[in-house]
Amino acid sequence: MKKTLFLFLALVLTVALPKANACTNFLITKGASTDGSCMISYAADSHVLYGELYHYPAADYPEGTMLDVYDWDGGMYHGQIPQVAHTYNVVGNMNEWQVAIGETTYGGLECLWGGQGIIDYGSLIYITLQRAKTAREAIKIMGDLVANYGYVSEGESFSIADTEECWILEMIGKGPQNKGAVWVARRIPDGYVSGHANQARITTFPLASRKCKTSITYKNIDKLFKDANIDCVYADDVISFAKESKLYDGPDAQFSFSDVYCPADFGTVRGCDLRVWAMFNKVVDNMNEYWDYATGRNIKRAQPYTAGMCQTPANFPTNRMPLWVQPKQKVSVLDMMDFMRDHLEGTELDMSQDVGAGPFHCPYRWRPMDWEVDGVSYVHERTTATQQTGFSFVAQCRGYYPAPLGGIIWFGVDDADNCVYCPMYTCMTEIPECFRVGNGSMSEWSETSAFWTFNQMSNWAYTKYDYIHPEIEKEQSKLESDWVNNTVPAMDNRANGCKNQKEAIRMLTEFSNTQATKLCQSWKKFYQHLFMKYMDGNLNTVAPSQPNQKYTPINSDHPKYSDEYYRILIEKTGDKYKAY
């Protein structure tokens with residue numbers, strides 16, 4: 001998600017990361033998951049995004065009804081489009097048919113921003129979710145919307161999943177003088193996983209031809225619903241537009257969407273693709289060979305890249321990571337939650353292991369990410385888990401349960417590493433008060449808001465991270481594991497045993513609301529407990545009480561800083577604090 005972006009830096013002669021907010025998506029196909037579900041994850045990362053769970057109830061509309069289109073980021077009115085006769089129930093980024101959509105903004109070539117029209121990336125997602133019954137239908141609807149009403153956002157990567165398939169669709173506009181967008185969609189092979197994180201990832205793709213019958217162009221999109229073997233769809237002019245605009249000069253077969261429309265450089269790789277590397281590194285064994293690329297230190301090209309030049313295959317990086325990998329073990333929903341909590345642990349870039357982490361090894365750095373000392377530029381790492389997350393989720397599309405009962409969006413607010421992913425059934429008709437739109441905002445505190453409840457805990461944890469966060473992690477694991485292994489399976493059985501669907505939906509709505517309410521209330525009490533325990537830098541514990549004692553006695557210990565930190569302090573201050 002973007003407010004400002006990881007911009008394309010080829011026009012900027014610097015190695016500094018752009019000042020940006022960003023997102024992360026991972027995709028797990030049904031053959032790669034432990035339970036046969038398709039899953040996508042999404043972190044909507046922005047310093048000004050308030051975490052809440054959106055709801056678009058299913059509805060019927062008379063012929064001639066018009067739909068108002070608003071920009072998702074700023075809420076600006078863009079215009080109107082015709083409404084469809086019936087829309088589907090949408091909870092967050094997943095609908096009652098178990099279609100889920102996430103996104104990450106990659107920006108891309110600035111000359112292609114600000115196209116004519118009224119559809120931004122956010123309205124594209126939420127309008128499509130209200131209209132699509134499958135991932136393939138979502139691709140068609142998204143193509144139709146930008147073709148008919150124009151695309152006004154910057155470059156976006158979209159994750160699209162249903163109970164059977166996962167797709168990546170990458171799109172960018174055609175600039176201020178043009179309407180519509182160029183785009184490519186690739187289906188992730190079953191049994192594989194993929195990801196994207198603010199750097200376009202689709203490079204070359206199979207071109208539709210008599211020989212290649214698994215790829216089609218947008219004008220032939222109806223074939224998408226007739227042939228299950230199709231695994232690539234693209235805008236008819238995705239290559240010709242690049243050539244006409246003098247963005248590409250090479251053979252069609254070697255055209256790379258990402259390398260032309262969003263060339264990789266230090267900033268977009270180190271701050272973006274590195275997050276995909278971190279997830280891939282957890283599921284396959286050979287990711288070290290991509291470390292030089294993923295850190296942006298050595299983006300190998302056949303010839304040096306020069307900003308603004310017409311692209312040819314010789315300019316494209318030759319050591320890019322694959323779009324998808326086959327995991328050595330199948331991935332569970334709990335694994336997906338873990339992927340979203342990564343800080344590059346176990347690598348040389350783990351920020352908890354350097355002096356910037358402070359005495360309590362905090363793996364976060366406050367913005368800006370890029371900084372300069374004595375004329376030399378440096379960066380902090382942009383890890384998957386980040387403090388400015390508004391909300392994140394793992395969408396689980398479970399085809400072994402019928403729609404609308406099978407879809408679950410495991411929803412959390414604030415920093416993914418400090419949140420708890422709560423099961424929200426996407427057939428529910430009422431959103432829990434703690435997640436509800438309008439219950440608080442970035443400028444309005446609410447005691448019943450999950451966003452402020454979890455932010456309060458996170459910001460407390462940052463102050464003494466290696467003491468407080470392990471306690472949070474233990475509580476996370478207990479709650480999420482119990483839901484995944486016990487409570488949700490029991491609820492599934494109850495709902496699917498109902499005599500009618502209406503009663504099942506009522507039951508799942510009540511369950512989702514109850515779990516979220518209990519979570520928010522218990523997290524408040526947990527915060528109060530940890531605040532009292534670690535107040536003033538102490539470690540306060542309950543002491544044995546004596547008969548007739550009026551107050552509960554407290555033992556207050558004073559954990560010292562590590563020897564490592566004391567040595568740093570001595571190095572910087574000399575004998576200033578030496579005792580004589």
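In what follows, residues are counted from 1 in the order of the sequence shown.
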Working to the nearest 0.5 Å, report the span between [atom1] of [X] and [atom2] of [Y].
X: Q130; Y: I125; atom1: CD; atom2: CD1; result: 12.5 Å
X: S215; Y: F205; atom1: OG; atom2: CZ; result: 7.5 Å
X: L53; Y: I431; atom1: CG; atom2: CD1; result: 4.5 Å
X: L27; Y: M39; atom1: CG; atom2: CE; result: 10.5 Å

Q: Dump the intermediate steps for side chain to side chain contact (heavy atoms under 4.5 Å, CB included) on I230 and K223, then the final yes or no.
A: CA-CA 8 Å; I230 289 174; K223 292 182 180 179; 4.0 Å; yes
Does a sphere of radius 6.0 Å around [atom1] in [X] hold more than 12 heavy atoms from other residues, nucleotides or ligands, not counting ones at 6.0 Å or beyond?
X: W97; atom1: CH2; result: no
X: E345; atom1: CD; result: yes
X: K219; atom1: NZ; result: no

Q: May I ask you to test the V193-M279 pair for a side-chain heavy-atom distance under 4.5 Å?
A: yes
Q: Find out whether T384 and R341 are in side-chain contact, i.e. whether some heavy atom of one side chain is under 4.5 Å from a heavy atom of the other.
A: no
Any donor-acceptor N or O pair under 3.5 Å, side chains [X], [Y]:
X: S123; Y: D120; value: yes
X: Q388; Y: S46; value: no
X: Q396; Y: D35; value: yes
X: D350; Y: T347; value: no
X: Y218; Y: D237; value: no
X: R131; Y: N95; value: no
X: Y42; Y: E103; value: yes
X: D414; Y: S458; value: yes
X: Q515; Y: W483; value: yes

Quick one: do [X] and [Y] make a salt bridge, cutoff under 4.0 Å?
X: R136; Y: D162; value: no
X: D45; Y: R382; value: yes
X: D335; Y: K330; value: no
X: K140; Y: E137; value: no

Q. Is there a salt bridge (Lys or Arg N to Asp or Glu O under 4.0 Å) between R297 and E348 once you walk through the steps?
A. CA-CA 13 Å; R297 294 165 173 166; E348 62 177 289; 3.1 Å; yes
Counting the benzene-type ring for Trp, do [X] and [Y] have ring centres under 6.0 Å apart?
X: Y121; Y: W72; answer: yes
X: Y421; Y: F393; answer: no
X: Y364; Y: H343; answer: yes
X: W277; Y: Y290; answer: no
X: F435; Y: F411; answer: yes
X: Y248; Y: F255; answer: yes

Q: Pick out which of V91, N89, N93 makes a side chain to side chain contact (heavy atoms under 4.5 Å, CB included) with T426.
A: V91
Q: Verify side chain to side chain contact (heavy atoms under 4.5 Å, CB included) between D417 and H469, making sure each step is shown before the conclusion.
A: CA-CA 9 Å; D417 198 35; H469 181 71; 3.1 Å; yes
Q: Check step by step if salt bridge (Lys or Arg N to Asp or Glu O under 4.0 Å) holds for D222 and K226.
A: CA-CA 7 Å; D222 287 343; K226 300 175 182 178; 5.9 Å; no
Q: Check R186, K30, R187 against E165 for a salt bridge (Lys or Arg N to Asp or Glu O under 4.0 Å) and give me the one that passes.
A: R187
Q.
Run Q98 and R398 through side chain to side chain contact (heavy atoms under 4.5 Å, CB included) and show every step you take.
A. CA-CA 8 Å; Q98 305 192 55; R398 306 181 303 165; 4.1 Å; yes
